[in-house]
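All ligand and atom numbering here is 1-based and tracks the order in the structure. On a predicted model such as this, the values are computed, not experimentally measured, just so you know.
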Amino acid sequence: MLKLRGVGRAYPSGDGEVEVLKGVDLDIGRGEFVAIVGQSGSGKSTLMNILGCLDRPSSGSYEVNGVEISMLEPDDLSRLRREHFGFIFQRYHLLPELNAIGNVEIPAIYAGLDASHRRERAVSLLERLGLGDRTTHRPGQLSGGQQQRVSIARALMNGADVILADEPTGALDSQSGADVLAELKELHRSGKTIILVTHDTDIAATAERIIEIRDGLIISDSANLVDGGQGGPSEEAQTSAGPSGRAGSQMNWFRSRIDRAGEALRMAVRSMLARKVRALLTMLGIIIGIASVVCVVALGTGSQQKVLANISSLGTNTLEIFPGKDFGDMRSGKITTLVVGDADQLARQPYVSAVTPTVSTSATLRHGNVEATGQISGVGEGYFVAKGLTLQEGRFFDGSSVTSRQPDGVIDENTRKSLFADHIGSVIGQVILADNVPVRVVGVVAKQQGFGDSQNLSVYLPYTTVQTRLLGSTSLRSITVRVSDQVDMSLAEQAVTDFLTRRHGTKDFFILNTDDIRKTITSTTQTLALLISAIAVIALIVGGIGVMNIMLVTVSERISEIGVRMAVGARQGDILQQFLIEAVLVCLIGGILGIGVALAFGYAFSLLSTDFKLVYSTQSMAAAFAVSSLIGVVFGYLPARNAARLDPVAALSGTR
Ligand code: ADP
Ligand code: MG
């Protein structure tokens, strides 16, 4: 079954090479019980590793069931290990985080046996080895002999037909050693091929065939007649040899993938829980990065919404027409061509839904012996709605007040505070003087959320009243045009410009389009958010590098675990997946914590500031999720690939 011809194995050493095996010829048949003896350093373990396909010969040929090993890919070798070989090591090589069942199950996970069968088989194997009451103990809670029996159960898990035991009793007291040996003999009787490495001649004496090796060469190969005769495999045992273990190969490929991914996830969680503080520190970069991205986006959205709300107080779809060339035009006050007639004509345009002319002047306001300077705005009755002003008490003046030039005044809070400081109760019906023109207060408007708090006193009167009683002029300060809902703002602006230019013969006015302001502010905040997000992305990259760093450390710490997994048949892909999942998990949890931190920040913020909120979007959270997993994949890949490419023998011995 196993056929070696001229097998040599050399290790690089210094400038040259040391030849550990120097041309070994060996045939081992099915059902044999072979002991390999020799002094320490003679090359027994090296030969054993080659026999078990953990290592490849550097020269010569090795065939397993007629298949030449040197032709095979690493994953083919791991399949051979999984299906044909069971390893028992001197120092057990159990995984400390897993209990007995968990350790025994590992080979079957990689073989793709489903969870319930796996467990059942692991428990029955442990029971058969006398560990029925220790199934949930961890290696640290078991004696050496018990641990070695767990490792025998693991070797048997996939129904291997060749058991390779490298000094299995070397670390055990004589009684436990004898038990383990008895177990191996029992396995031999049930039809397994047993290859046992030992330097103890008494132990070798229990085998059927003894091969002695010295300095990398076989110096004797003899049948052991003392014990050999009775040891042959029985008929009944032959047939019972591990059919259930092979069930995995029949299992559907997809389910086995999912199962292995699930196991990898479980392992990742376990190893993270074993090193909580380190995991948290690793995540820190991701947490900060994600939290800052989410916060920045929320802050940006919040401030944008606030500013837009302020703008909508200017009117949602309104155009304001002012005389002059631009805001800074000095002569603006002298241009008197913007008149009520313009407003009347504009009101007839099909794209206009409402028009309010405004005039303004400043005046001395007086009530009793209190005097203050205030801003008088002459407006139409539709002005208040268009501007989104709200009443604190009283009412707005209506159309009839405008047409009949009533002195009906709506005052703002500032005006009430300064003129009616000592007044108790409602101010509605009170009369104030504006430059000696009596004004009856009909309403008080609430303070507007705007760009900063204005200290100005404002009084709103019908524009007709202001024109006739205060100004004596028919020119307007501005015309506010509300555009019909379905009309495009820039088209409307163009139409108004054309219309007024034709009426005036020249363009002696300018138009403020609230839609334009909105767009400008939206794009400004977006640019700002982009900028800060770029900084946050840098934070995330730094976090990712931290993850990569720790994963590299983790891989080198768990090198012997990786070796064990490879020895029991893990593919390179399985190892890659395990460490990749771990990296992604770290980043994902970091991402979730980051979102949590961002939400907590938003909550704290809302306690401090009442009128300004962080607005979280589900998209930004989903993106944070996606980004953190991506970081895990990108920065976890290199460490995971390093792990997957480890040489099994080197990994097992804990070197690199
Ligand atoms: P045994 O198991 O018989 O005690 P080994 O097969 O473990 O011996 O080792 C045989 C020789 O090969 C030793 O001299 C050892 O130093 C050498 N050797 C084993 N592995 C390596 C390696 N990875 N690199 C270099 N030398 C090695
Ligand atoms: Mg050895």
Ser40: numbered ligand 1 atoms lying under 4.0 Å from its heavy atoms: 4 (O)
What is the total of protein N/O/S atoms that are closer to the Mg ion (ligand 2) than 2.8 Å? 1
Ligand-residue contact atoms, ligand 1 with Gln39, heavy atoms, under 4.0 Å: 3 (O)
Show, in sequence, the C-alpha distance, side-chain angles and deciding distance for Val37 and Ile211, and conclude whether the side-chain contact (heavy atoms from CB on, under 4.5 Å) test is met. CA-CA 6 Å; Val37 294; Ile211 294 168; over 6 Å; no
Asp166/Lys44 under salt bridge (charged side-chain N to carboxylate O under 4.0 Å, His left out): CA gap, chis, key distance, verdict: CA-CA 8 Å; Asp166 192 348; Lys44 305 183 296 292; over 6 Å; no
Apply ring pair (Phe, Tyr, Trp, His ring centres under 6.0 Å) to Phe89 and Phe87, showing your working. CA-CA 6 Å; Phe89 302 100; Phe87 286 92; 5.8 Å; yes
Just to be sure I read this right, does ligand 1 sit under 4.0 Å from the backbone of Met48, its side chain, both, or neither, counting only heavy atoms? neither
Under 6.0 Å from the NE2 atom of His117, do we count more than 12 heavy atoms belonging to anything else shown? no
Residues Asp574, Arg565; criterion side-chain contact (heavy atoms from CB on, under 4.5 Å); working and verdict: CA-CA 9 Å; Asp574 291 324; Arg565 290 180 180 275; over 6 Å; no
Contact check: Gly41 vs ligand 1, nitrogen or oxygen atoms, below 3.5 angstrom: yes
Within reach of ligand 1, part of Val20 (heavy-atom separation under 4.0 Å): side chain
Just distances here: any N/O of Val18 and N/O of ligand 1 closer than 3.5 Å? no
